[in-house]
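Every value quoted in this text rests on a predicted model; they were computed, and no experiment measured them. Whatever order the structure lists them in is the order used to number ligands and atoms, beginning at 1.
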Amino acid sequence: MTQAALKSEQSGALMASPGPIMPVVADRAPDADPRQDILGLSREELRAALIAIGVPEKQANMRTKQIWHWVYHRGVTDFEDMANVAKDLRTELAAAFRISRPEVVEALYSEDGTRKYLLRFADGSEAEAVYIPEEDRGTLCISSQVGCTLNCRFCHTGTMRLVRNLTPAEIVAQMMLARDDLGEWPVSTDNRRVTNIVMMGMGEPLYNFDNVKKALHIIMDKEGIQLSRRRITLSTAGVVPMMERCGAEIGVNLAVSLHAVSNEIRDEIVPLNRKYRLEQLLEACAAYPGTHNARRITFEYIMLKGVNDSDADARELVRLLSSYKLPAKVNLIPFNPWPGSQYECSDPERIERFSDIVFQAGISAPIRTPRGRDIMAACGQLKSTTEKKRKSELLKEQAEKDRASVSGP
Ligand code: SAH
């Protein structure tokens with residue numbers, strides 16, 4: 001673990017504000033497979049990599065286009081399936097490259113159609129992705145980091161020890177894997193099952209800006225998966241200095257995990273607020289590219305009993321959003337408790353009332369219905385239950401071994 005990760009872990013206990021703008025987190029450990037992963041390479045990088053293994057420059061553009069099509073339009077993971085690539089080249093490609101998928105440690109299908117994947121990457125670290133089908137869309141919730149440095153008090157991911165950035169390949173791979181599982185290859189522009197992406201899984205995407213940017217550009221590529229930037233939403237807890245670049249360089253919709261309307265309460269539940277104050281955050285929202293053309297920002301607001309859920313809080317929320325002239329939508333999220341969490345979810349009537357106040361002021365404030373409760377689809381829950389299960393399995397195995405050695409000869 002790096003110094004910064006260690007520091008943020010220690011400071012978590014004291015609730016000090018998290019470290020520098022981009023906390024340095026551990027890099028991925030080297031892979032057992034020495035072949036370069038095609039996933040996560042930009043077109044230019046792929047072209048250069050092909051030239052590096054001896055593909056003549058004259059052919060490089062054409063080969064790049066072909067391989068890109070097989071990988072991102074067809075979902076192929078075996079070079080042998082690339083029918084229009086010469087046999088010899090296919091063999092050379094397979095020696096130098098791979099098209100990876102993370103290992104699926106667990107895939108859970110909820111009765112309501114929600115699918116949750118616990119994925120293990122080459123270095124053994126794990127992250128989650130969740131697919132949520134709705135009437136008119138299917139949203140894939142993608143992780144940007146393993147664990148998280150932010151330590152938001154209500155969020156389970158913040159309690160995990162290991163933190164590292166996911167690589168562009170690992171971010172793209174979550175989309176690829178969901179499409180594999182949903183049988184969505186080749187890409188078709190109508191009848192999509194994954195119609196939207198939210199960068200709302202584990203981690204803070206704006207702390208892993210370069211990798212997230214690269215991955216999303218691959219996902220948006222016109223000759224690949226072709227998901228429009230209008231169908232992608234990046235959620236941040238408020239890394240103010242990176243918000244403008246997010247709009248300018250990625251161009252996706254912004255969601256902000258607001259969760260409180262005063263610095264006092266926000267300091268407590270989103271410790272990042274000690275670094276970037278509520279006013280700075282709302283100013284950055286007002287300056288977000290597109291906001292003045294009525295592109296709405298989504299504000300996420302988690303309903304915590306007795307903490308942030310009063311009528312006065314709702315009215316202050318309305319006042320803040322109007323005083324910064326923000327075209328906004330508020331998502332009210334019932335808190336999903338986890339073992340050891342210190343908060344309770346607000347009562348349903350309280351949430352309704354809060355929602356009514358905001359709606360009456362002309363701001364949409366739907367209450368998000370929890371999805372996939374039967375498979376514990378909320379943030380971080382699958383990962384920790386699986387870990388617990390593994391631990392108890394290990395203990396059981398150990399106990400059996402102990403018994404065997406006691407009763408043995
Ligand atoms: N770091 C980014 C992305 C993580 S998504 C961000 O903070 O926006 C974080 C979202 O997960 C929160 O806005 C919240 O809506 C949701 N979340 C986290 N823990 C939750 C819990 N226990 N119950 C319900 N929603 C939770």
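In this structure a side-chain-to-backbone donor-acceptor pair under 3.5 Å is missing from His156 to Pro339.
Below 4.0 Å from some heavy atom of Phe335 lie the following atoms of ligand 1, by number and element: 21 (C), 22 (N), 23 (N). Within the listing of ligand 1, atoms 4 (C), 5 (S) sit less than 4.0 angstrom from a heavy atom of Gly201. The atoms of ligand 1 that sit less than 4.0 Å from any heavy atom of Gly203 are 1 (N), 2 (C), 3 (C), 4 (C). For ligand 1 and Met200, the ligand atoms under 4.0 Å from any heavy atom of the residue are 5 (S). Every atom of ligand 1 is numbered from 1 in the order shown, and the set under 4.0 Å from a heavy atom of Glu300 is 10 (C), 12 (C), 13 (O), 15 (O). Close approach of ligand 1 to Pro334 (heavy-atom distance below 4.0 Å) involves ligand atoms 24 (C). Listed by number with element, the atoms of ligand 1 under 4.0 Å from a non-hydrogen atom of Ser257 are 6 (C), 7 (O), 8 (O), 12 (C), 13 (O). Each of the following atoms of ligand 1 lies closer than 4.0 Å to a heavy atom of Cys155: 18 (C), 19 (N).
A salt bridge links Arg350 with Asp311: the closest approach of a Lys/Arg side-chain nitrogen to an acidic carboxylate oxygen falls below 4.0 angstrom. Under the 4.0 Å criterion applied to side-chain N and carboxylate O atoms, Glu57 and Arg47 are assigned as salt-bridge partners. A salt bridge links Lys116 and Glu128; the closest N-O separation between the charged side-chain nitrogens and carboxylate oxygens is under 4.0 Å. Residues Arg90 and Asp81 are not paired through a salt bridge, judged by the lack of any N-O separation under 4.0 Å between the basic side chain and the carboxylate.
Geometrically, ligand 1 and Glu204 share a nitrogen or oxygen pair separated by less than 3.5 Å. Considering both main-chain and side-chain atoms, Pro205 never comes within under 3.5 Å of ligand 1 through any nitrogen or oxygen pair. By the 3.5 Å distance cut-off applied to N or O atoms, Met199 is not counted among the residues near ligand 1.
The option with the heavy atom closest to atom 21 (C) of ligand 1, from among Asn331, Val256, Thr157, Asn336, is Asn336.
Counting heavy atoms under 4.0 Å from ligand 1, residue Ile333 touches it through the side chain alone. At a heavy-atom cutoff of 4.0 Å, ligand 1 is contacted by no atom of Met202, backbone or side chain. Contacts between Phe154 and ligand 1 below 4.0 angstrom, taking non-hydrogen atoms only, involve backbone and side chain alike. Contacts with ligand 1 closer than 4.0 Å are made by side-chain heavy atoms of Ile302 only, the backbone lying farther away.
Between Asn61 and Thr64, the side chains place no donor N or O within less than 3.5 Å of an acceptor N or O (distance only, hydrogens not considered). Under 3.5 Å, the side chains of Glu204 and Ser144 contain no donor-acceptor pair of N or O atoms. When only modelled atom types and interatomic distance are considered, Arg164 and Ser125 share a side-chain donor-acceptor pair under 3.5 Å. Between the side chains of Tyr72 and Asp221, no donor-acceptor pair of N or O atoms lies under 3.5 Å.
Val252 pairs with exactly one of Arg230, Met199, Arg231, Arg229 by the side chain to side chain contact (heavy atoms under 4.5 Å, CB included) rule, that one being Arg229.
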